There are 4 protein chains.
Amino acid sequence: MDATDGTGGTSGASGTASAGETRQRRRGNTRQRIQDVALELFAEQGYEKTSLREIAERLDVTKAALYYHFKTKEEIIVSLFEDLTRPIEDLIEWGRQQPHTVETKREIIHRYSDALSAASPLFRFMQENQATVRDLRIGQMFKSRMLGMRDIIVDPDADLVDQVRCVSALFTLHAGMFVLREMDVDPKDARDAVLEVAVDLVTQAHGGSKESGA
Amino acid sequence: MDATDGTGGTSGASGTASAGETRQRRRGNTRQRIQDVALELFAEQGYEKTSLREIAERLDVTKAALYYHFKTKEEIIVSLFEDLTRPIEDLIEWGRQQPHTVETKREIIHRYSDALSAASPLFRFMQENQATVRDLRIGQMFKSRMLGMRDIIVDPDADLVDQVRCVSALFTLHAGMFVLREMDVDPKDARDAVLEVAVDLVTQAHGGSKESGA
Amino acid sequence: MDATDGTGGTSGASGTASAGETRQRRRGNTRQRIQDVALELFAEQGYEKTSLREIAERLDVTKAALYYHFKTKEEIIVSLFEDLTRPIEDLIEWGRQQPHTVETKREIIHRYSDALSAASPLFRFMQENQATVRDLRIGQMFKSRMLGMRDIIVDPDADLVDQVRCVSALFTLHAGMFVLREMDVDPKDARDAVLEVAVDLVTQAHGGSKESGA
Amino acid sequence: MDATDGTGGTSGASGTASAGETRQRRRGNTRQRIQDVALELFAEQGYEKTSLREIAERLDVTKAALYYHFKTKEEIIVSLFEDLTRPIEDLIEWGRQQPHTVETKREIIHRYSDALSAASPLFRFMQENQATVRDLRIGQMFKSRMLGMRDIIVDPDADLVDQVRCVSALFTLHAGMFVLREMDVDPKDARDAVLEVAVDLVTQAHGGSKESGA
DNA sequence: AATGAATGAGCGTTCATTCAT
DNA sequence: CATGAATGAACGCTCATTCAT
């Protein structure tokens, strides 16, 4: 999997080149192309409102072709989820083995922020289709990832308010991705600001003042 | 169940009483009952996955009966939205006429928290069905409510980080409602903690220190 | 039945006055108003595509009110048919008692032309909804009227070609009503021209030359 | 059954053979069979009253199968119209390039008569479902065909009565197809008689006397 | 003279899925 | 590696009709 391109797509190569491709060149990467198009449409219109017909048409193949590559519609989104959330799995794994210090948590927030924006269409999708996703396999997977993050970022013995602060830090990152798209500021500045607030929150959760942050 | 609300809106009272009612008693409140059951199902399973057949069956009427009371499926959710978000509309109206001080904003956060939990199934629904809701009429309505809240809580001239803090306060309240349901703490304590974090965020956004909060 | 107004409406009075009527004035003539609106809509959109809801809405009454005045949807169109085709019934009756001369037939053509344009919306409706009308009661009625007309205008012993000429005269009148609406000529001139061609046809059917016509 | 038409259009051959066919034999011609059955039912009962369920049942397939071959119900009738009215389109094309003489027009009448009877179920359908057809795509198509015919058969500078004669010739052919079905004469004789009257009408429109016809 | 509330049947359409080729 | 053809289940919606009040 050459997925470390950082663009957020399933693969970088076929992202925009869908128009002029010959039948030749397409051979062998149909699975990828299905994933790319599916994610695009799922994120744009939601899971239920995206039909396999639509995906197939956009790829100029038949619906039956999709079934050659994926056993069900659900498996398409599952495969995307598995491919794209590996970094977060890794982050949780890493987090578990670190001491529960402020510094660790600040690092986690940073890495989480990176992971989120690397797979932002998927996360946008997860966020906007919670009701649907809940009774798909990825619903459970996503939930367990979230709980994993929670466990490495909130200290169960801490004051409840501080626990909330940590959860809030996580949600600030999530929300930041989508809400700030709509405010007319430079995306880079926005991301930095969001990150600062999130870091601040975990810092405060550890009794820290503003100075000790950043 | 604090069901003596007297607001005329969708009440919680009849929520589970669908079984033993006589045909007599049911007359005249069918519209309400449709709203109640619909909200329950929409919140539980999502908008798309809740069919009119399902709603009708649960009420022991035919699908056509629903159409006597609502012109379309969409109109059901629109009516719920209109009935249940009036308090937030009022809050925004009120907020616009206040001076933009910290105190005002703390007050807004408190009132917003109350409004959210008064209509929490609806908000849960909105949150979990964003993709669907986006191209329903309520999508636009919700968005304009959100922007209204943003306008009365964030100061466009403030530092970007402080703006984010304010938005984050809002989202902390939203997220709080659903995430904390899953943590095993007393709901009352949870709400208080969430509220404190939110208030803290707007306080900090106004250059305040922790002491001046609460 | 004061229906000899010549406007083609079921009654002349309520034809265009539907807007400003008070509840008072409306009393007692609802049946008429239903007929008027129904004919208007049936002619405009067809029988199947005009729903009782639509009729009721346009009259600002409920569907159930229609059922107070007419037992079924079909009965509405039947009542219209009966009211408006009486002149043709009478014409057939008259025709049967006349000698089968050219002069008689010319007279019949004239009278038929008048009858058609007196009830033109109904005939337009019949013409454009034959498939539907066929298994309504009026289907049989209409057919028997047509056969009646045929019997008084075609001579069963005549040459087949001459028989066709007579039938064609009838259809020329029918078609004339609708086709010529679309040609940009003065309606009066058009009617006269159509009438002349029809008269010519029956004249020729009786071995007549052009000169003996008109 | 003169089914060796070789036109590639909807053929008459398979019309009644729906019962004993094996699944094997059916493969590959389902589209045709849908067209055949649909036309039969549309002509018999009308467009609105023929449901897709009915068509599907008579073919022993599911409704969904129809949707594999046609995007909508409307598309079925459109496809029939396109397939079956090509000869008339061609006739109009041909007519436009001829000199506007009596001889040409007599020829047009003959050819039109042939075209009509080659596709008589369709034309019966069009005639009997005008109200419905008006707001289907074929409504416009049909109208433009009719205007095309009018343009090649009526001379806009001629006397109005003569114009009507030409239009009447056309309608005589139309009406002839359906009305004469009901008269108890040999169909061949009937067609000839209708044709003669139509030819007569255009001949007279050109100042011709009976002798110069035939 | 009319309404409010509801029904039962049906409609056109869409969907995820299957399978022989 | 993929298509062509089809299915079964469901969906949102509309309609003519009924009936107690």
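Worth saying up front: this structure is predicted, and the values here are computed from it rather than measured. First the proteins, then the strands, lettered A, B, ... as listed; each starts at 1.
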* Structure fact -> For C:Arg31, the side-chain contact (heavy atoms from CB on, under 4.5 Å) test, sequence neighbours excluded, returns C:Gln35, C:His69, C:Phe70, C:Ser79
* Asked: To the nearest Å, how far apart are C:Gln32 CD and E:dA1 C1'?
  -> 17 Å
* Results of salt bridge (charged side-chain N to carboxylate O under 4.0 Å, His left out) for B:Glu54 - residues two or more places apart only -> none
* For D:Glu82, check side-chain contact (heavy atoms from CB on, under 4.5 Å) against everything at least two apart and list the hits. => D:Val78, D:Arg86, D:Met141
* Looking at F:dA2, E:dT14, E:dT7, which one has an atom nearest to any side-chain atom of A:Ala65? -> F:dA2
* Structure fact -> Applying side-chain contact (heavy atoms from CB on, under 4.5 Å) to B:Tyr67 and not counting sequence neighbours gives B:Leu52
* Structure fact -> Contacts of B:Gln130 meeting side-chain hydrogen bond (donor to acceptor under 3.5 Å, both in side chains) (sequence neighbours excluded), chain-then-number -> none
* By nearest nucleotide on DNA chain E, pick out whichever of B:Leu66 and A:Lys63 is the more 5' one. => B:Leu66
* CG of C:Leu59 versus P of E:dA2: gap in Å, rounded? -> 10 Å
* Do any pairs count as a ring-ring contact (aromatic ring centres under 6.0 Å, His included) and have a residue in residues 39-66 of chain B, sequence neighbours left out, and if so which ones? -> B:Phe42-B:Tyr47, B:Phe42-B:Phe125
* Asked: With a 4.5 Å limit on heavy-atom distance, are the side chains of C:Val61 and C:Ile34 in contact?
  -> no
* Could you tell me which non-hydrogen atom of B:Ile138 sits nearest to which non-hydrogen atom of B:Ile77, and how far apart they are? => CD1-CG1, 3.5 Å
* Do the side-chain N or O atoms of A:Thr30 get closer than 4.0 angstrom to the phosphate oxygens (OP1, OP2) of F:dC1? -> no
* For DNA chain F, what residues of residues 44-57 of chain C have any heavy atom nearer than 4.0 Å? -> C:Thr50, C:Ser51, C:Leu52, C:Arg53
* To do: List for me each residue that meets side-chain contact (heavy atoms from CB on, under 4.5 Å) alongside A:Arg124, sequence neighbours excluded, and say none if there are none.
  => A:Glu128, A:Phe178, A:Arg181, B:Arg134
* For C:Arg137, all residues meeting salt bridge (charged side-chain N to carboxylate O under 4.0 Å, His left out), sequence neighbours excluded -> none
* Structure fact -> With both pairing distances under 3.5 angstrom for Watson-Crick or G-U wobble, and | for a partner in another strand, the correct string for DNA chain F is .||||||||||||||||||||
* By a strict heavy-atom criterion of less than 4.0 Å, which residues belonging to residues 67-77 of chain C are in contact with DNA chain F? -> C:Tyr67, C:Thr72, C:Lys73
* Asked: salt bridge (charged side-chain N to carboxylate O under 4.0 Å, His left out): which pairs involve residues 69-79 of chain A, sequence neighbours left out?
  -> none
